[in-house]
Amino acid sequence: MDLFESLEELRVTALDELKETEDTSALEAWHSQYLGRKGEVTLQTRSIGKLPREDRPTFGKRVNAIKEELAAVYEDRVQSVRHAELARELEKSAIDVTLPGRPAHTGHLHLTTQTLREIYDIFAKMGFEVYEAPDVELENYNFDLLNIPPYHPARDMWDTFWVDDARLLRTHTSPGQIRVMRERYPAPIRVILPGKCYRYEQITARSEHQFYQVEGLAVGKNITMTDLIGTLAQFTKMFYGPGHKMRVRSSYFPFTEPSIEVDMDCILCGGEGCRVCKHTGWLEIAGAGMVHPVVLENGGYDPDEWSGFAFGPGVERPAMMKYAIDDIRLFYGNDLRFLQQF
Ligand code: FA5
């Protein structure tokens, strides 16, 4: 076979092999085999010397033409192989838009907020409006105007976080009584004052150092203890549902006279006694009483003409009773396993 024939044969073989290439590495191998610096087609020019002088230009031109042709066909092949590779890649990593997505977790109201709203609803039905008072309170409002002067031992009932010499984090919602009375005088009052209270005290299963109270205050003409007990009995019936026991004990608060403590039968132990009810079968849910004449006066109301009652339940403790929660620390422990149950 002469050099011209073997050159044509090389062309056909190279084209056939190029058609077989399926990926980039096969293409690279093909390119270096035929068109690389030491490729079979490139090296054809070295055989020129073996040809008769008159055939050499024709052979040289033919080698160049084949090189150009193969280079052009190679470029086309590169394009189509890349396309095919890309298509395979896309198919492998394709997103299945028909798959259902991961569900987004929606939050919900904290149990304390739910309980607060439930309490607002109940008192709204009895004609009480919501009145808001500040968390950072003047010592004067938190104590003095509530008939607790600096020397009074009752201050020991409320271990206090002080902000400075005159201001503190309110230890109870009762200072709001003075604010609302001073604002509303001489109108009759029927409000609840919800909010957070702060006490510098030991955290236990039943006591937190931050907790909510919902103060209640009614001021009017001829308001009596019967109205107070009736209101609290109605509240407990609506909050806990029928079939629960409420009891009232006499107690002492400097800002009410007479004063009472309101207890519910302990739902957790069914009255048997447990650590939450301090083994008594009863859990204290509110302090209450008839507004003390000094407090009425400090609020601007003449005690000879006006009378009133006040009460101050917590929020977490009544919720613990209602939902059988045996540790108050769960409320603010941020454990979703707890929070998601409500
Ligand atoms: C008071 O704070 C009075 N101001 C209540 C009051 C208002 C009496 C109006 C008379 C008239 P006491 O310290 O008992 O009272 O708290 C009232 C309620 O707040 C308790 O019954 C309880 O439900 C809740 N409470 C008190 N301390 C804590 C605490 N550390 N953690 C959780 N709840 C608490």
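Computed from a predicted model, the values in this text were never measured in an experiment. Indexing begins at 1, ligand by ligand and atom by atom, following the structure's order. Just so it is clear, the values below take in all heavy atoms, side chains as well, and ignore hydrogens, waters and symmetry mates.
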Item to check | Donor-acceptor under 3.5 Å (Arg182 side chain, Asn298 main chain) | outcome: yes
Checklist outcome for this item: among protein heavy atoms, the one nearest atom 22 (C) of ligand 1 is Arg317 NH1, 3.5 Å
Checklist entry - Is the shortest side-chain N to carboxylate O distance from Arg179 to Glu215 below 4.0 Å? => result no
Item to check | From CG (Leu51) to CZ (Phe59), nearest 0.5 Å | outcome: 5.5 Å
Checklist outcome for this item: the protein heavy atom lying closest to atom 31 (N) of ligand 1 turns out to be Glu208 N, 3.0 Å
Item to check | Closest protein heavy atom (residue, atom, distance) for atom 25 (N) of ligand 1 | outcome: Phe211 CE1, 3.5 Å
Checklist entry - Counting heavy atoms only, which part of Ile285 comes closer than 4.0 Å to ligand 1: side chain, backbone, both or neither? => result backbone
Next on the checklist: Distance under 4.0 Å to a non-hydrogen atom of Glu284: what atoms of ligand 1 satisfy this?
Outcome noted: 14 (O), 20 (C), 21 (O)
Item to check | Heavy-atom nearest neighbour of atom 1 (C) of ligand 1 within options Glu215, Met320, Gln177, Arg199 | outcome: Arg199
Next on the checklist: Within the 4.0 Å heavy-atom shell around Gly287, which atoms of ligand 1 are there?
Outcome noted: 6 (C), 7 (C), 8 (C), 10 (C)
Next on the checklist: If the cut-off is 4.0 Å to any non-hydrogen atom of Ala310, which atoms of ligand 1 fall inside it?
Outcome noted: 9 (C), 11 (C)
Checklist outcome for this item: protein heavy-atom neighbour closest to atom 24 (C) of ligand 1 works out as Gly314 CA, 3.7 Å
Next on the checklist: If the cut-off is 4.0 Å to any non-hydrogen atom of Gln213, which atoms of ligand 1 fall inside it?
Outcome noted: 1 (C), 2 (O), 16 (O), 17 (C), 18 (C), 19 (O)
Checklist entry - Atom CG in Leu145, atom CD in Gln177: separation rounded to 0.5 Å? => result 11.5 Å
Next on the checklist: Test of understanding: with salt bridge (Lys or Arg N to Asp or Glu O under 4.0 Å), list the residues that count as partners of Glu28, not counting sequence neighbours.
Outcome noted: none
Checklist entry - Any N or O on His172 sitting closer than 3.5 Å to an N or O of ligand 1? => result yes
Checklist outcome for this item: Quick note, side chain to side chain donor-acceptor pair (under 3.5 Å) partners involving residues 10-20, not counting sequence neighbours, are Arg11-Glu69, Glu17-Tyr34
Item to check | Distance-minimising heavy-atom pair for Arg37 and Leu43 | outcome: O-CD2, 4.3 Å
Next on the checklist: At less than 4.0 angstrom from any non-hydrogen atom of Thr256, what atoms of ligand 1 do you find?
Outcome noted: 10 (C), 11 (C)
Item to check | ligand 1 versus Ala286: contacting region, heavy-atom distance under 4.0 Å | outcome: backbone
Item to check | Phe255 to ligand 1, any heavy atom closer than 4.0 Å | outcome: yes
Item to check | Shortest non-hydrogen separation from Arg329 to Glu208 and the atoms involved | outcome: CA-OE2, 3.6 Å
Next on the checklist: Within the 4.0 Å heavy-atom shell around Ile328, which atoms of ligand 1 are there?
Outcome noted: 32 (C)
Checklist entry - Within a reach of under 6.0 Å around NZ of Lys67, are more than 12 heavy atoms found that belong to other residues, nucleotides or ligands? => result yes
Next on the checklist: Return the closest protein heavy atom for atom 18 (C) of ligand 1 as residue, atom name and distance.
Outcome noted: Gly312 O, 3.4 Å
Item to check | Lys125 side chain near Gln234 side chain, heavy-atom distance below 4.5 Å | outcome: no
Checklist entry - Looking at Tyr332, Phe342, Tyr212, which hits ring pair (Phe, Tyr, Trp, His ring centres under 6.0 Å) with His110? => result Tyr332
Checklist entry - Can you find a side-chain donor-acceptor pair between Tyr131 and Glu183 that sits under 3.5 Å? => result yes
Checklist outcome for this item: atom 15 (O) of ligand 1 sits nearest the protein heavy atom Phe253 CE2, 3.4 Å
Item to check | Heavy-atom gap Glu261 to ligand 1 smaller than 4.0 Å | outcome: yes
Item to check | Salt bridge present between Glu305 and Lys221 (N-O < 4.0 angstrom) | outcome: yes
Checklist outcome for this item: Contact region, Ala288 to ligand 1, non-hydrogen atoms below 4.0 Å, reads backbone
Checklist entry - Which of the atoms in ligand 1, numbered in the order shown and given with their element, are less than 4.0 Å from a heavy-atom of Glu201? => result 29 (C), 30 (N)
Checklist outcome for this item: So for Glu316 against ligand 1, with non-hydrogen atoms under 4.0 Å, the contacting part is neither
